[in-house]
Amino acid sequence: MPNITVELLAGRTIEQRRAFAQAVATSAVELLGARRQDVRMVFTEITADTVANGGVLASEDDSRAGVVAGLAQG
């Protein structure tokens with residue numbers, strides 16, 4: 001039984017998470033031979049001030065400002 005943990009910046013829609021879950025489950029079935037009903041995913045939403053890339057908080061990283069702003073607008 002594959003147990004998959006997905007960490008995402010908060011702001012993804014339910015439709016995006018649903019589509020992602022379906023695509024990953026399909027891949028697990030095809031590539032790992034898992035039964036679809038045994039593919040388990042947990043989504044953990046993080047905020048831009050609780051994750052850092054290269055030592056810079058995502059909320060303070062100008063190169064990520066567009067992504068963070070886009071998620072905040074929903």
Side-chain angles (χ1 to χ4, degrees):
M1 164 181 9
N3 292 297
I4 301 161
T5 302
V6 181
E7 292 182 348
L8 295 169
L9 283 176
R12 305 284 192 223
T13 65
I14 189 81
E15 292 82 13
Q16 289 173 312
R17 288 189 305 250
R18 183 181 299 116
F20 184 86
Q22 290 171 354
V24 171
T26 297
S27 291
V29 170
E30 292 172 2
L31 299 172
L32 302 176
R35 296 185 321 158
R36 189 172 193 86
Q37 65 267 32
D38 291 337
V39 180
R40 179 176 156 192
M41 272 171 264
V42 175
F43 289 91
T44 302
E45 288 193 340
I46 55 178
T47 59
D49 62 345
T50 62
V51 63
N53 298 290
V56 178
L57 290 172
S59 60
E60 298 173 348
D61 185 346
D62 290 340
S63 71
R64 297 179 183 280
V67 173
V68 172
L71 291 173
Q73 293 174 4

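A quick note: this is a predicted structure, and the numbers were derived from the prediction, not measured. Reckoned from all heavy atoms, side chains included, excluding hydrogens, waters and symmetry mates.
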How long is the straight-line distance from CE of M1 back to CD of Q37, given to the nearest 0.5 Å? 10.5 Å
Sequence neighbours excluded, the answer for salt bridge (Lys or Arg N to Asp or Glu O under 4.0 Å) partners of E60 is none
If you take all heavy atoms of E45 and R12, which pair is closest and at what distance? OE2-O, 4.2 Å
On a heavy-atom basis, the closest approach of L57 and D49 is CD2-O, 3.7 Å
What I'd like to find out is whether the side chain of L9 reaches to under 4.5 Å of the side chain of I46, using heavy atoms alone. yes
Determine whether the side chains of R36 and T26 contain a donor N or O and an acceptor N or O closer than 3.5 Å. yes
According to a hydrophobic-cluster definition based on side-chain heavy atoms being under 4.5 Å apart (Ile, Leu, Val, Met, Phe, Trp, Tyr only), do [X] and [Y] belong together?
| X | Y | answer |
| --- | --- | --- |
| F20 | I4 | yes |
| V24 | V6 | yes |
| M41 | L8 | yes |

